[in-house]
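Predicted model only: the values in this text are computed from it and were never measured. Every number for a ligand or one of its atoms is a count from 1 in the order of the listing.
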Amino acid sequence: MAPLIVPEFPKARFRRLKQSAALRRMVSETQLTPADFIWPIFVQAGQDTVSDVPSMPGVQRHSVDRLPDLARTARDLGIPAICIFPYTDPALKTQTCEEAWNPDNLSNRAIRAIKDAVPDIAVMTDIALDPYNINGHDGIVRDGVIVNDETVDALVRMGRAQAQAGADILGPSDMMDGRISALRTMLEADGHHNVTILSYAAKYASAFYGPFRDAVGASGALVGDKKTYQMDPANTDEALRLVQRDLQEGADMVMVKPGMAYLDICRRVKDAFGAPTFAYQVSGEYAMLKAAAANGWLDGDAVMMESLMAFKRAGCDGILTYFACDAARALS
Ligand code: PBG
């Protein structure tokens with residue numbers, strides 16, 4: 001960067017360029033558009049059913065038949081992608097998680113329903129075993145240990161079923177070692193050369209995921225915590241090494257998660273690799289802004305836009321956010 005030249009007062013008056021909306025817009029450094037958003041949607045069983053997620057005011061779970069209308073709404077707002085998260089019937093959860101690669105599970109039916117009705121919106125998935133695991137963990141548990149390599153085999157089966165259902169973007173969120181390489185090898189071997197991978201590369205063991213676990217029905221199930229595979233919030237260099245590793249293994253895009261408390265990681269990742277970089281403004285971040293707004297303590301719309309702009313300023317190319325539709329509406 002060139003040396004900063006700032007003349008002395010009164011030659012320099014920073015307020016000159018702040019005096020009108022027109023001048024402020026002219027010199028605005030960062031733009032937020034609906035194309036920056038990926039909208040996470042929770043899916044549940046049933047026909048024309050919808051339920052509220054109490055810890056995420058304004059967020060609902062929908063049955064598969066309702067998804068085409070939601071996808072059309074998102075597309076018409078200019079949102080390029082939807083990410084699907086299933087609420088799995090507890091009766092389908094097992095130790096071995098085979099519902100994860102059932103071609104007719106909720107998630108795969110949701111992918112097909114959206115791609116049939118609205119082919120021009122991109123559909124992203126989640127790859128992790130937690131919705132299907134009786135232990136609530138992202139990997140298979142044996143004698144209290146989350147076993148890595150056996151989990152990767154299961155994740156590959158899961159990713160294959162999602163690619164066959166028509167997913168555009170696979171989102172491995174499991175944090176096992178070797179999963180990106182295994183998924184990429186499977187996709188090439190199966191002829192899915194154009195299926196992309198957005199790796200949850202720097203995913204922290206965070207307490208901000210609480211409301212999400214309610215939304216997908218995984219809270220009650222989780223035995224222990226996820227600290228043997230998700231990152232320690234104290235670490236930064238490890239995030240860069242994980243991102244580098246996932247890019248080398250064949251990820252097209254990478255993610256930092258959670259978002260607002262990890263903007264330093266977003267900036268470092270973008271600067272170091274220049275790869276398409278996304279952040280997940282997770283359930284707890286959404287819940288916290290919504291709760292303060294509901295109490296009249298914050299202006300909900302203003303903090304929504306300010307928080308999303310912060311991700312762009314930190315170098316992100318896009319944001320997974322439960323605010324996607326509200327923010328897109330505010331921008332249009
Ligand atoms: C599943 C997964 C989680 C989230 C996305 N995918 C939860 C977790 O890792 O426990 C959290 C998203 C959110 O909080 O909004 N592995």
Side-chain angles (χ1 to χ4, degrees), residues 37-43 53-61 81-88 93 97 99-100 105-107 110 124-133 135-141 146 148 151-152 154-155 158-159 162 167 169-176 179-180 183 197-233 242 254-262 278-291 307-308 311 319-324:
F37 304 141
I38 299 176
W39 184 28
I41 297 189
F42 297 112
V43 184
V53 179
S55 49
M56 300 178 72
V59 171
Q60 297 168 316
R61 294 190 288 253
I82 285 177
C83 185
I84 293 168
F85 292 101
Y87 176 94
T88 304
K93 299 187 188 200
C97 312
E99 180 65 7
N105 70 18
L106 213 43
S107 168
M124 174 173 169
T125 67
D126 187 69
I127 300 186
L129 300 178
D130 51 336
Y132 312 100
N133 193 338
N135 299 294
H137 274 289
D138 293 13
I140 292 169
V141 184
I146 291 94
N148 192 87
T151 297
V152 170
L155 299 172
M158 186 176 180
Q162 294 173 350
I169 308 167
L170 303 188
S173 71
D174 54 281
M175 294 298 278
M176 297 297 120
R179 89 268 210 225
I180 303 301
L183 285 166
I197 297 177
L198 199 179
S199 151
Y200 288 64
K203 176 172 177 179
Y204 288 85
S206 172
F208 285 106
Y209 308 148
F212 173 95
R213 292 179 192 165
D214 294 342
V216 299
S219 320
L222 184 62
V223 181
D225 59 47
K226 300 192 176 185
K227 291 179 185 170
T228 69
Y229 45 104
Q230 298 181 347
M231 285 181 66
D232 180 346
L242 284 164
V254 291
M255 193 199 297
V256 173
K257 177 183 174 193
M260 286 156 63
Y262 296 85
F278 293 78
Y280 201 143
Q281 185 181 47
V282 300
S283 55
E285 305 177 55
Y286 175 86
M288 153 171 108
L289 296 181
K290 279 288 192 183
S307 67
L308 293 168
F311 290 104
I319 310 123
L320 284 93
T321 176
Y322 302 98
F323 287 121

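Among all protein heavy atoms, the one lying closest to atom 16 (N) of ligand 1 is Asp138 OD2, 2.9 Å. Among protein heavy atoms, the minimum distance from atom 14 (O) of ligand 1 is reached at Ser283 OG, 2.7 Å. The nearest heavy-atom contact from the protein to atom 1 (C) of ligand 1 is Asp130 OD2, 3.0 Å.
For ligand 1 and Asp126, the ligand atoms under 4.0 Å from any heavy atom of the residue are 1 (C), 6 (N). Interface atoms of ligand 1 facing Phe85, defined by a heavy-atom separation under 4.0 Å, are 5 (C), 6 (N). Atoms of ligand 1 found under 4.0 Å from any heavy atom of Arg213, numbered from 1 in the order shown, are 8 (C), 10 (O). Taking every heavy atom of Ala128 and a limit of under 4.0 angstrom, the matching atoms of ligand 1 come to 16 (N). In summary, the atoms of ligand 1 found under 4.0 Å from a heavy atom of Ser173, numbered by their order in the structure, are 1 (C), 2 (C), 6 (N), 16 (N). Under a 4.0 Å criterion applied to the non-hydrogen atoms of Lys226, ligand 1 contributes the atoms 8 (C), 9 (O), 10 (O). Atoms of ligand 1 lying under 4.0 Å from at least one heavy atom of Lys203, given by number and element, are 1 (C), 2 (C), 3 (C), 6 (N), 8 (C), 9 (O), 16 (N). Residue contact check: Lys257 has heavy atoms under 4.0 Å from atoms 2 (C), 3 (C), 4 (C), 5 (C), 6 (N), 11 (C), 12 (C) of ligand 1.
For the pairing with Asn148, the side-chain contact (heavy atoms from CB on, under 4.5 Å) check across Ile146, Val152, Thr151 returns one residue only, Val152. Partner of Gln162 under the side-chain hydrogen bond (donor to acceptor under 3.5 Å, both in side chains) criterion, out of Asp126, Asn105, Thr125: Thr125 alone.
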Steps toward side-chain hydrogen bond (donor to acceptor under 3.5 Å, both in side chains) verdict (Ser307, Gln281): CA-CA 9 Å; Ser307 67; Gln281 185 181 47; 3.0 Å; yes
Side chain to side chain contact (heavy atoms under 4.5 Å, CB included) evaluation trace for Lys290 with Tyr322: CA-CA 11 Å; Lys290 279 288 192 183; Tyr322 302 98; over 6 Å; no
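For the atom pair Met255 CE and Leu320 CG, the distance stands at 4.5 Å (nearest 0.5 Å).
For Glu99 and Thr88, the side-chain atoms include no donor-acceptor pair closer than 3.5 Å.
In this structure, the ring of Phe212 has its center less than 6.0 angstrom from the ring center of Phe42.
Remark: the backbone N or O of Gly139 is not paired with any side-chain donor or acceptor of Asp174 at under 3.5 angstrom. For Tyr204 (side chain) and Val256 (main-chain N/O), no donor-acceptor pair under 3.5 Å exists by modelled atom type.
Comparing Tyr280, Phe212, Tyr322, Phe42 against atom 7 (C) of ligand 1, the shortest heavy-atom distance belongs to Phe212.
In this structure, Gln230 is part of the shell of residues with a heavy atom less than 4.0 angstrom from ligand 1.
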